[in-house]
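Right, one structure below, let's go through it.
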Amino acid sequence: MAQSPHKPEIFVAPGNAGTAQTAHNVAVSATDIPALLGFASENKVDFTFVGPEVPLAAGIVDEFESYSLSVFGPRKSAARIESSKVFAKELLLRYGIPCAQSQSFSDYDEATAYVKTQGVPVVIKADGLAAGKGVTVAQTAKEALDAIKAAMRDKAFGEAGSKVVIEECLTGREMSFFAFTDGETILPMVPACDYKRIFDGGLGPNTGGMGSFSPPEFYAPTLGAQVMQTIMEPTVKALRDEGNPYSGVLYGGLMMTPDGPKVIEFNARLGDPETQAVLPRLSSDLVDITQAVIAHRLKGVNIAWHQDACVGVVLASGGYPGNHQIGYPISGLEELESDVMVFHAGTKLGANSEVLTAGGRVLSVVARGETLDVAREKVYRNVSRIKFTDMHYRKDIALFSPEQSLAKLSENS
């Protein structure tokens, strides 16, 4: 947005050391809706772009609209496509939208009994928001039962785990597919792939995402058309027909199965880290697009994309996604090539404007190139210049599949 020819003045709540370079950070939590509403009103903000899922699920769009404030994102009823796995799954099944077969449970004993009758692998999902960590792909019955216990009995995800969805494990390649929509018109973005596991080769626990690339090497326009016709358009229409019109960015986490693309899950927003590999390929003005969505005039808008590939690598704190230390100085940011982008996540400014770590996923380093190989080589060349204590990152981003990643790593070791 800072690159827009409209040259907007931007406020970011709560912001970090990166947004401080291009915007005004506002010391308000992203979930403090009354304070955000007050700030937008008092400062005569022209429009608000909601990034995180929690305020969307809490109804920030409904609240802003009730005060006639312009806001980008789905209302609470439509945001349930992400905030409730049960709601999303029942909607998909009701309208015949391709997805995994599943059952939903609010009773612990019924859930465990069901798992014992199913084969493995099986997928266990906490119903509510769990910061991308509420999904377990269980390879054994014990793993499945442990996941159900963690969600429903141990409350590992709070109330998000009071219900669970148990579904068949889809196989194939995963793809993230984004689209802008004003509830009627749907315009696709370029797709991406991300890496959830913490370690190379797809090993270790799930994270919020350790890197991404765009476009997928298997992607073709015919696949994009199929996704739009069988998944994205029917989903937006289903929400509209049921009185939950969807406006904003709809993000489908999809599996390319032998039977065609199927929905794994939906997010009601731009997803991290895929967005860092998608938006750098956007050549149209994001501000114009968001304004068209808000005003319900997306029809007739043309969105242009760069043909370059894009690769992003997340630099995380040691120990993430478990316990980790923060407050470490970050060096090397000023040594990067001029066309390499660094998106800040868990950072803050310390004394003398020193950039410090402030979270599990700290930075996302992103580079574009004529091909994925060129972009990948560039991004890792620059990642090597950044340093902070216990810094951890995957070395196999954009090597496509876990199997290819392990083979490549074996060759290089």
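When reading the values below, keep in mind they use all heavy atoms of this one structure, side chains included, and skip hydrogens, waters and symmetry mates.
With sequence neighbours left out, K262 forms a side chain to side chain donor-acceptor pair (under 3.5 Å) with no residue at all. For Y251, the ring-ring contact (aromatic ring centres under 6.0 Å, His included) criterion is met by F178, not counting sequence neighbours. Under the salt bridge (charged side-chain N to carboxylate O under 4.0 Å, His left out) criterion, K85 pairs with no residue at all, not counting sequence neighbours. The side-chain contact (heavy atoms from CB on, under 4.5 Å) check on T371 picks up D373, V374, with sequence neighbours excluded. Residues satisfying the salt bridge (charged side-chain N to carboxylate O under 4.0 Å, His left out) test with D339, not counting sequence neighbours, are K378. Checked against salt bridge (charged side-chain N to carboxylate O under 4.0 Å, His left out), D194 has the following partners two or more places apart in sequence or in another chain: K196. Residues passing the salt bridge (charged side-chain N to carboxylate O under 4.0 Å, His left out) test with D308 are R368, sequence neighbours excluded. A search for side-chain contact (heavy atoms from CB on, under 4.5 Å) contacts involving L187 returns T185, L298, V301, I303, not counting sequence neighbours. Residues passing the ring-ring contact (aromatic ring centres under 6.0 Å, His included) test with F266: none are found, sequence neighbours excluded.
Pairs engaging residues 231-242 under the side-chain hydrogen bond (donor to acceptor under 3.5 Å, both in side chains) rule: R94-E242, Y95-E242, K237-D241 [sequence neighbours left out]. Note on residues 5-29: no pairs pass salt bridge (Lys or Arg N to Asp or Glu O under 4.0 Å), not counting sequence neighbours.
Taking the six-membered ring for Trp, F72 and F47 have ring centres at least 6.0 Å apart.
In this structure, a donor-acceptor pair under 3.5 Å is present between the side chains of D288 and H6.
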Taking distance alone, no hydrogens or angles, what donor-acceptor pairs closer than 3.5 Å link side-chain atoms of residues 346-366 to residues at least two apart or in another chain?
| from | atom 1 | to | atom 2 | distance (Å) |
| --- | --- | --- | --- | --- |
| T347 | OG1 | A17 | N | 3.2 |
| T347 | OG1 | H344 | ND1 | 3.0 |
| T357 | OG1 | G327 | N | 3.0 |
| T357 | OG1 | Y328 | N | 3.0 |
| R361 | NH1 | G208 | O | 3.1 |
| R361 | NH1 | G209 | O | 3.1 |
| R361 | NH1 | D272 | OD2 | 3.4 |
| R361 | NH2 | D272 | OD2 | 2.9 |

